[in-house]
Amino acid sequence: IQPEARAALAAASSRIEHVPHVPHDELAAQLAWADVLLLPTIQDGFAQVLAEGLAAGVPFVTTPHSGGPDLLALDARYGWLVPIRS
């Protein structure tokens with residue numbers, strides 16, 4: 001977690017659970033309980049985790065720097081884009 005994001009995460013800790021990196025074979029179990037996948041990336045190319053989340057039926061919130069625009073071009077109901085650093 002970037003230092004500038006720690007305060008925001010702490011303030012929302014009753015509503016948001018930060019899940020650090022998990023091995024790929026545990027990802028499906030993590031996504032099974034999720035309501036939404038948040039990937040606030042500044043630069044990530046095509047973030048495969050977004051497609052994996054969609055395969056599990058979990059919509060996403062991400063930035064335009066993630067591959068999210070490509071997935072939303074298929075169907076805008078998959079998630080939401082937010083500007084970086086917003």
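All heavy atoms count here, side chains included; hydrogens, waters and symmetry mates do not.
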Seminar exercise, completed: Taken in chain and number order and not counting sequence neighbours, the residues that satisfy side chain to side chain contact (heavy atoms under 4.5 Å, CB included) with Pro20 are His18

Exercise. Can you name the residues that form a side chain to side chain contact (heavy atoms under 4.5 Å, CB included) with Ala34, not counting sequence neighbours?
Worked result: Val58

Any [X] side-chain heavy atom under 4.5 Å of [Y] side chain:
X     : Y     : result
Leu81 : Pro69 : yes
Leu39 : Val49 : yes
Ile42 : Thr63 : no

Exercise. Which pairs pass salt bridge (charged side-chain N to carboxylate O under 4.0 Å, His left out) with one or both residues in residues 65-86, sequence neighbours excluded?
Worked result: Asp75-Arg77

Exercise. Which pairs count as salt bridge (charged side-chain N to carboxylate O under 4.0 Å, His left out) when at least one residue sits in residues 28-57, sequence neighbours excluded?
Worked result: none

Could you state the interatomic distance from [atom1] ([X]) to [atom2] ([Y]), rounded to the nearest 0.5 Å?
X     : Y     : atom1 : atom2 : answer
Ile84 : Ser66 : CD1   : OG    : 11.5 Å
Leu50 : Phe60 : CG    : CZ    : 5.5 Å
Leu71 : Thr62 : CG    : OG1   : 9.5 Å

For this session: Please check if Val19 and Leu38 belong to a single hydrophobic cluster, counting links between Ile, Leu, Val, Met, Phe, Trp and Tyr side chain heavy atoms closer than 4.5 Å.
Result: no

Exercise. Has Gln48 got more than 12 heavy atoms of other residues, nucleotides or ligands less than 6.0 Å from its CD?
Worked result: no

For this session: Please list, chain by chain and in numerical order, all residues satisfying side chain to side chain donor-acceptor pair (under 3.5 Å) with His21, sequence neighbours excluded.
Result: none

Problem set entry | By side chain to side chain donor-acceptor pair (under 3.5 Å) - contacts of Gln30 (at least two apart) | Trp33

Exercise. Does the pair Val82 and Val61 meet the rule for a side-chain contact (heavy atoms from CB on, under 4.5 Å), with working shown?
Worked result: CA-CA 7 Å; Val82 297; Val61 176; 4.1 Å; yes

Exercise. If you look at every heavy atom in Pro59 and Trp80, which pair is closest and at what distance?
Worked result: CB-CZ3, 4.1 Å

